[in-house]
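What you are looking at is a predicted structure, and each value in this text was computed from that prediction instead of being measured.
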Amino acid sequence: MVEPSPRVRFSPAPTGYLHVGGARTALFNWLFARHTGGTFLLRIEDTDLERSRPELTEAILDSLRWLGLDWDEPPVHQSDRVDLHLQAIERLLASGHAYRCDCSQDDVRERSRVRGGPPGYDGHCRDRDVRPGGDVVVRFRTPDEGRTTFDDVIRGEVSFDHAALEDFVVRRSSGAPMFVLANAVDDADMGITHVVRGEDLLNATPKVLLVRQALGLTGRPVFAHLPMLVNEQRQKLSKRRDDVAVGVYRDQGYLAEAMVNYLALLGWGPPDGVEIRPLEEIVELFRLEDVTRSPAFFDLDKLRHINGVYLRELSTSEFIGAAGRFLEQGPWAAGDFDFEAFERMAPLVQERAATLAEVPAMVDFLFLEEPVIDPTSWDKAMSEQAGAVLDAAVAAYERSPWTSDELMGALRSAGKDLGLNLRKAQAPVRVAITGRSVGPPLFESLEVLGRDRTLARLRAARSRL
RNA sequence: GGCCCCAUCGUCUAGUGGCCUAGGACACCACCCUCUCAAGGUGGAGACACGGGUUCGAAUCCCGUUGGGGCUGCCA
């Protein structure tokens, strides 16, 4: 028998922006689909109308597009399929696999308190034959005995005792179906063959399996529960607690390619250990069974490093294009931006930036009337001999041919006369020109800045000493 | 509390019983290169949570302990 082509889905709930944990889940689904020649689907899990915000769906799709995770069929919205879910619930009711319950949440809480045992529902309405009406939910009747066992691709055999499963709600009192029910019905209906999702849903799996069984749905998908992404406290990444929306990283100047490459490394690694590589190769190498089991920390340092590598691999024109939207937010007046000047500096900036957001600060001295002086840099550079250096620089630069080589040579010899090497001599000049002690190579910067502005800044700094 | 999952350098990982004196990457430190900063090069420090087994031999298998996490919702 031939294996059917895999069908997987990423199923975000539109209750927030796509965060890195969700992005990693989406990516692993996508990688698996692309590697196996399978189909990658999207399902918007919006069964909770009160929490779901439709506009967020578009934001999530936007982030997925940005990452390059393309889907193969139009996204499925669970809210469009309520009829299907409701029919399933009726069938469960008819077959006795589910029953109505009119206990309020306070009743449930109170009884478990009195009982003193574990919290949760106690099956109070199992045989009360509650009539349809007002505040009535439908609960699934979990078996009292037996176990549900399944083989997780990543974790091996996982087994749950039915006795520990309470009768969970499948239909709200509002009439809306709930996650486990909709999930089971839709996965079956959509022909999902592999369920690849976060480990936080591992406990939901026996419930889903039980519902499928009760519905007479034959076959079961293969499950793969990915390790969680955690914060410094080793807690599951949360959009509330942690600043992890994918869109934020885009705004902070990370490239989608770098982000995807890094995300692929969280819980998986290529067999040859080469971590930074083209997506096509990752697709080729990715195997679900190689995914690791333990939680992974989202390490910004490593993301930065990878982003820097990708930035440097760009052609100059690609880099310039990518930097565009960050340049628009530079601290200078819009009209003062000089594209050609930036173009000349671009290769030098590209070599040094770890994120695109760092670009403006490396070239702002070109487009501002006055450089923004960093006090620490100033104090460090403007030592006793600074005045002499600046004077010598002014004298030399009034006549020097205006090329970086000549400018460097001139300052080198001027420094020599003062007993300073170039390392020492360049410091006051750099701060006078750019306001900072670090930045792109100085003499190329001067070349682009031009003689007049260079001299003006040197003199201004001199008089400020 | 109950159930489930997890456990190798600070971090992400390699390792599937002998190739392990535990490898790589990020971060860190030193040096080199160098007009600053990066990048690059060289070197360094840094881990198998603990205790029992099994075995001639265990990071690798088993059990327990400890620790961490997840779930325990009319969220997903």
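For the P atom pair drawn from rG69(B) and rG53(B), the interatomic distance equals 31 Å after rounding to whole Å. With both ends at atom C1', the span from rC19(B) to rA14(B) equals 14 Å, rounded to whole Å. Between rA22(B) and rG15(B), the distance separating the two C1' atoms is 8 Å to the nearest Å. Straight-line distance between the C1' atoms of rA47(B) and rU21(B): roughly 14 Å, to the nearest whole Å. Using atom C1' as the reference point in both rG70(B) and rC29(B), the two lie 38 Å apart (nearest Å). A gap of 47 Å separates the P atoms of rA59(B) and rA76(B), to the nearest Å. For the P atoms, the distance linking rU65(B) with rG1(B) amounts to 14 Å, nearest Å. Using P as the reference atom, rA38(B) and rC50(B) are 38 Å apart when rounded to the nearest Å.
Proximity of Arg172(A) to the phosphate of rA76(B): a side-chain N or O atom is located under 4.0 Å from OP1 or OP2. Under 4.0 angstrom from either OP1 or OP2 of rC71(B) there lies at least one side-chain N or O belonging to Lys236(A). Proximity of Ser437(A) to the phosphate of rC37(B): no side-chain N or O atom is located under 4.0 Å from OP1 or OP2. Between Arg234(A) and the phosphate of rG67(B), there is no side-chain N or O to OP1/OP2 separation shorter than 4.0 Å. Note on Ser173(A): every side-chain N or O is 4.0 Å or more away from OP1 and OP2 of rC74(B). Residue Arg171(A) places none of its side-chain N or O atoms closer than 4.0 Å to OP1 or OP2 of rC74(B). Residue Arg51(A) has no polar side-chain atom (N or O) positioned under 4.0 Å from OP1 or OP2 of rA76(B).
Asp102(A) places no side-chain N or O within donor-acceptor distance of the main-chain N or O of Val136(A), the cut-off being under 3.5 Å. Counting only distance, with no hydrogens or angles, the side chain of Glu145(A) and the backbone of His162(A) share no donor-acceptor pair below 3.5 Å.
Comparing atom distances between the Arg147(A) side chain and each of rA76(B), rU34(B), rC4(B) picks out rC4(B) as nearest. Side-chain proximity of Asn203(A) to rC5(B), rA76(B), rC71(B): nearest is rC71(B). Picking from rC6(B), rC75(B), rG40(B) the nucleotide with the shortest atom distance to the side chain of Arg155(A) gives rC6(B).
Ring centroid separation for the pair Trp30(A) and Phe10(A) does not come in under the 6.0 Å cut-off.
Between the CZ atom of Arg436(A) and the P atom of rU36(B) there is a distance of 18 Å, rounded to whole Å. Straight-line distance from the CD1 atom of Ile282(A) to the C1' atom of rA25(B): 14 Å, rounded to whole Å. Taking atom CG on Asn261(A) and atom C1' on rC12(B), their separation rounds to 13 Å, with Å as the unit. With rounding to whole Å, Asp161(A) atom CG is found 12 Å from rC5(B) atom P. With rounding to whole Å, Phe10(A) atom CZ is found 11 Å from rA76(B) atom C1'. Protein atom CG of Leu202(A) is 15 Å distant from nucleotide atom C1' of rA76(B), rounded to whole Å. Distance, Ile60(A) CD1 to rA76(B) C1': 12 Å, rounded to whole Å. Rounded to an integer number of Å, the gap from Gln426(A) CD to rC35(B) C1' is 4 Å.
Across all strands shown, rA45(B) forms no Watson-Crick or G-U wobble pair with both key distances under 3.5 Å. The pairing partner recorded for rC3(B) is rG70(B), the criterion being a Watson-Crick or G-U wobble arrangement whose two distances lie under 3.5 angstrom. When Watson-Crick and G-U wobble pairs are counted only if both distances are under 3.5 Å, rC26(B) pairs with rG10(B). Across all strands shown, rU55(B) has no partner, as no Watson-Crick or G-U wobble contact with both distances under 3.5 Å is found. Base pairing of rG64(B) is made with rC50(B), judged by Watson-Crick or G-U wobble geometry with both donor-acceptor distances under 3.5 Å. If you check rG40(B) for Watson-Crick or wobble pairing at under 3.5 angstrom, you find it paired to rC32(B).
Base contact: Glu444(A) has a heavy atom under 4.0 Å from a base atom. Within 4.0 Å of Leu442(A), counting heavy atoms only, lies at least one base atom of the nucleic acid. Nucleic acid contact class of Val158(A) (heavy atoms, under 4.0 Å, all strands): sugar-phosphate only. Within 4.0 Å of Ser11(A), counting heavy atoms only, lies no atom of the nucleic acid at all. Using a 4.0 Å heavy-atom cutoff across all strands shown, Ser159(A) reaches sugar-phosphate atoms only and no base atom. Residue Glu50(A) is classed as having no contact, given no heavy-atom separation below 4.0 Å to the nucleic acid. Residue contacts for Thr15(A): at a heavy-atom cut-off of 4.0 Å it reaches no nucleic acid atom on any strand shown.
Applying the 3.5 Å distance criterion, the base of rC37(B) shares a donor-acceptor pair with the side chain of Arg352(A). A donor-acceptor contact under 3.5 Å is not formed by the side chain of Gln235(A) with the base of rG68(B).
If Met228(A) and Arg430(A) are placed on RNA chain B by their nearest nucleotide, the residue sitting closer to the 5' end is Arg430(A). Nearest-nucleotide mapping onto RNA chain B: of Tyr121(A) and Leu266(A), the residue sitting toward the 5' end is Leu266(A).
One finds a salt bridge joining Glu90(A) and Arg171(A) here, because a Lys/Arg side-chain nitrogen approaches an Asp/Glu carboxylate oxygen to under 4.0 Å. We find that Asp144(A) and Arg126(A) are joined by a salt bridge, their nearest charged nitrogen and carboxylate oxygen being less than 4.0 Å apart. Taking 4.0 Å as the cut-off between side-chain N and carboxylate O, Arg304(A) and Asp301(A) do not count as a salt-bridged pair. A salt bridge does not link Arg172(A) to Glu50(A): none of the charged side-chain nitrogens sits closer than 4.0 Å to a carboxylate oxygen. Here Asp374(A) does not pair with Lys380(A) in a salt bridge; the nearest charged N to carboxylate O distance is not below 4.0 Å.
Side chains of Gln78(A) and His85(A) form a contact here, defined as non-hydrogen atoms less than 4.5 Å apart.
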